[in-house]
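Below, chains carry the letters A, B, ... as their sequence lines are ordered, and counting in each starts from 1.
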Amino acid sequence: MDCIELLLPLKAEYVSLARLAVSGVANRMGFDIETIEDIKVALAEVCNKLVQKGSNSVQSYKIVFNVSVDKLNIVFDCEDKSLRCIFEGEGEKLGVSIINALMDEVEFCSNNSYLMSMSIALKGDS
Amino acid sequence: MDCIELLLPLKAEYVSLARLAVSGVANRMGFDIETIEDIKVALAEVCNKLVQKGSNSVQSYKIVFNVSVDKLNIVFDCEDKSLRCIFEGEGEKLGVSIINALMDEVEFCSNNSYLMSMSIALKGDS
Amino acid sequence: MSGELKLRQENKQEGTCIYISGEVDIYSSQGLKEKLYEIVDSSEKDIIFDCSELNYIDSTGLGIFVGALKKAKQNNKRIIITKLKENIKKLFVITGLDKVFVIEE
Amino acid sequence: MSGELKLRQENKQEGTCIYISGEVDIYSSQGLKEKLYEIVDSSEKDIIFDCSELNYIDSTGLGIFVGALKKAKQNNKRIIITKLKENIKKLFVITGLDKVFVIEE
Ligand SMILES: Nc1ncnc2c1ncn2[C@@H]1O[C@H](COP(=O)(O)OP(=O)(O)O)[C@@H](O)[C@H]1O
Ligand SMILES: Nc1ncnc2c1ncn2[C@@H]1O[C@H](COP(=O)(O)OP(=O)(O)O)[C@@H](O)[C@H]1O
């Protein structure tokens, strides 16, 4: 498994960079263009929320792309642990609906040492 | 100053991702398209060399983009300290000539805690 | 990157046509909101969004669309969204917003 | 990304024309080298590179061009590089390779 990490300032202007990076990773893995667009949106929903809630207490956040042959797993982390479970109680909100619909597996509240995690499978026929 | 970090597997297939990331950073900073192309090549020359020399001893390397209003500084680092001064004695080689010509400041052999560093200024009129 | 956000307005017989092009994200949408709400508030006809050049949108942008819809309704105007790309139409369907807006080809 | 590497060969009156399109980097060039050297080795005419669709090259690719030139010279053929984009032509100038190859518009 290959692991790529991106550390970004918690600012709105760098969310597009996260999208660009994930599109590069997903393209390299062989996802089709349509799925790459989906992944970009799902990832951005998390970045948006972190940027909105993140206030000045934290300077940056980390996105880890875990690349395996048949799956892309994306893990978000941040030193400010108050950003954990950031989507809690937002079941009806646009962001959550989008993430749930576009990704195969989502862990909004992690017991582990990160904020949240989401994965999407690379279909054999794509 | 904003700081963006990218950690990449030391593999040829991820150099294009480094180029993509730096083009996003430079674009956000306001560099013109031509200069962005130059920065991509200079950056890739370092990645290429690390990938070629890096053997199996190291798994990944780090690229740090230090963004200020008028300058982009790019620092490369890697746990394998044998990759320090990786361009030494290569004064005549294509890679070195390209990096020197395209970047404003280059530190091939650092005394500091990283492999090498290069910078390019954002011209006011660009 | 694949396109700055741009708004262009054209007053037509059928309504006030707004061409949105580029990417609507958390950063680019910061200026969009006011501009859009102003157009909607001052429009004496229905509003038609032409999204043929809209490449990216997420919940930030969708939220702004919803806000525009609320303003339009206050003025008894409709918002008609046209020419959505497939990946973007999908987001309207996912969120149920396809039933809130009038969406046309 | 902005284009996979592709090679297309066309035998013309003036020489063997090779269209290179996409990005030649450390990864994509892994297959390029053999293919290119084979074409150069078997060509009975001069080699003309058409680089109008070449978007990216770095020292990895330039090194392969130099290798191709050496093979061509052994066979008493020339290599003519045409239609380089500005940012790429710049790399030939920086490295002095503009004096080693015949470069035409
Ligand atoms: N399916 C829906 N139908 C109608 N309005 C919706 C729907 N989903 C969300 N909205 C509205 O869109 C706006 C933005 O939604 P959301 O991002 O979920 O909430 P918030 O802006 O409160 O975080 C809100 O005004 C919400 O009421
Ligand atoms: N200005 C030049 N003129 C002619 N040949 C050159 C020039 N610069 C480099 N070369 C040749 O290009 C090839 C690749 O160069 P380089 O990347 O510098 O070396 P290497 O492949 O040994 O690391 C070598 O064969 C070298 O001799």
Side-chain angles (χ1 to χ4, degrees), chain A residues 8-24 26-27 31-55 61 63 74 76 86-87 90-104 106 108 118 120 126, chain C residues 1-7 20-37 49 51-71 79 81 83-101 103 105:
Chain A
L8 285 178
L10 205 66
K11 294 183 178 179
E13 65 207 87
Y14 290 111
V15 173
S16 63
L17 188 57
R19 292 206 306 275
L20 194 65
V22 82
S23 71
N27 178 68
F31 282 100
D32 57 57
I33 294 174
E34 202 190 320
T35 309
I36 293 177
E37 286 305 314
D38 292 348
I39 299 172
K40 278 164 68 178
V41 177
L43 170 116
E45 293 298 344
V46 182
C47 299
N48 289 351
K49 186 59 94 183
L50 290 172
V51 167
Q52 283 159 1
K53 292 266 175 101
S55 75
Y61 63 110
I63 311 176
I74 305 173
F76 296 84
I86 200 169
F87 286 99
E90 298 210 333
E92 302 290 292
K93 298 252 181 168
L94 298 177
V96 172
S97 318
I98 290 174
I99 295 169
N100 276 326
L102 297 180
M103 301 303 283
D104 292 330
V106 187
F108 284 111
M118 55 197 204
I120 186 162
S126 75
Chain C
M1 272 166 274
S2 72
E4 257 171 281
L5 173 57
K6 280 191 201 122
L7 270 197
I20 307 187
S21 62
E23 306 195 337
V24 181
D25 82 346
I26 187 172
Y27 185 63
S28 66
S29 68
Q30 284 169 1
L32 174 71
K33 197 167 167 173
E34 291 88 67
K35 255 193 254 174
L36 200 59
Y37 288 4
F49 286 118
C51 299
S52 55
E53 300 295 324
L54 178 64
N55 298 319
Y56 176 86
I57 198 168
D58 56 32
S59 66
T60 330
L62 294 175
I64 292 174
F65 276 25
V66 172
L69 183 65
K70 286 180 185 159
K71 290 200 169 287
I79 287 191
I81 301 183
K83 300 183 189 166
L84 285 173
K85 294 192 178 175
E86 276 311 311
N87 57 315
I88 294 178
K89 187 183 283 175
K90 188 172 176 176
L91 297 177
F92 280 85
V93 175
I94 286 171
T95 55
L97 291 177
D98 60 329
K99 300 194 190 69
V100 176
F101 290 94
I103 296 183
E105 289 307 305

Novice: What I'd like to find out is whether the side chain of C/T60 reaches to under 4.5 Å of the side chain of A/L94, using heavy atoms alone.
Specialist: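 Answer no - side chains too far apart.
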Novice: So does A/I33 have more than 12 non-hydrogen atoms from other groups sitting under 6.0 Å from CD1?
Specialist: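 Open.
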Novice: Please lay out, stage by stage, how A/L102 and C/L91 fare under the test side-chain contact (heavy atoms from CB on, under 4.5 Å).
Specialist: CA-CA 9 Å; A/L102 297 180; C/L91 297 177; 4.0 Å; yes
Novice: Indicate whether any N or O donor in one side chain lies under 3.5 Å from an N or O acceptor in the other, for C/D58 and A/N48.
Specialist: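 Present: a donor and an acceptor within the cut-off.
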Novice: Is the NZ atom of C/K83 crowded by more than 12 outside heavy atoms at less than 6.0 Å?
Specialist: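 Count not over threshold, so no.
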Novice: Less than 4.5 Å apart, any side-chain heavy atom of A/E37 and any of C/K85?
Specialist: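 Sidechains of C/K85 and A/E37: no contact.
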Novice: Tell me, side chain or backbone of C/I88 under 4.5 Å from chain A's heavy atoms, or both, or neither?
Specialist: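 For C/I88, no heavy atom lies under 4.5 Å from chain A.
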Novice: Would C/E23 and A/R19 satisfy side-chain contact (heavy atoms from CB on, under 4.5 Å), going step by step from the backbone distance to the final call?
Specialist: CA-CA 11 Å; C/E23 306 195 337; A/R19 292 206 306 275; 2.8 Å; yes
Novice: As an exercise: rank A/E34, A/K11, A/E13, A/E92 by heavy-atom pairs under 4.5 Å with chain C and give me the winner.
Specialist: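 The option with the most such pairs is A/E13.
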Novice: Could you tell me whether C/E53 atom CD has more than 12 heavy atoms of other residues or ligands within 6.0 Å of it?
Specialist: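 Not buried by this count: 12 neighbours or fewer within 6.0 Å.
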Novice: What are the residues of residues 24-33 of chain C, in order of number, with any heavy atom under 4.5 angstrom from a heavy atom of chain A?
Specialist: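 Interface residues of residues 24-33 of chain C: C/D25, C/I26, C/Y27, C/Q30.
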Novice: Check each atom of A/V51 against the heavy atoms of chain C and say whether the ones under 4.5 Å are side chain, backbone, both or neither.
Specialist: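 When you check distances to chain C, only side chain atoms of A/V51 fall under 4.5 Å.
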Novice: To the nearest 0.5 Å, what is the distance between OG (C/S59) and NZ (A/K49)?
Specialist: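 Reported value, rounded in 0.5 Å steps: 7.5 Å.
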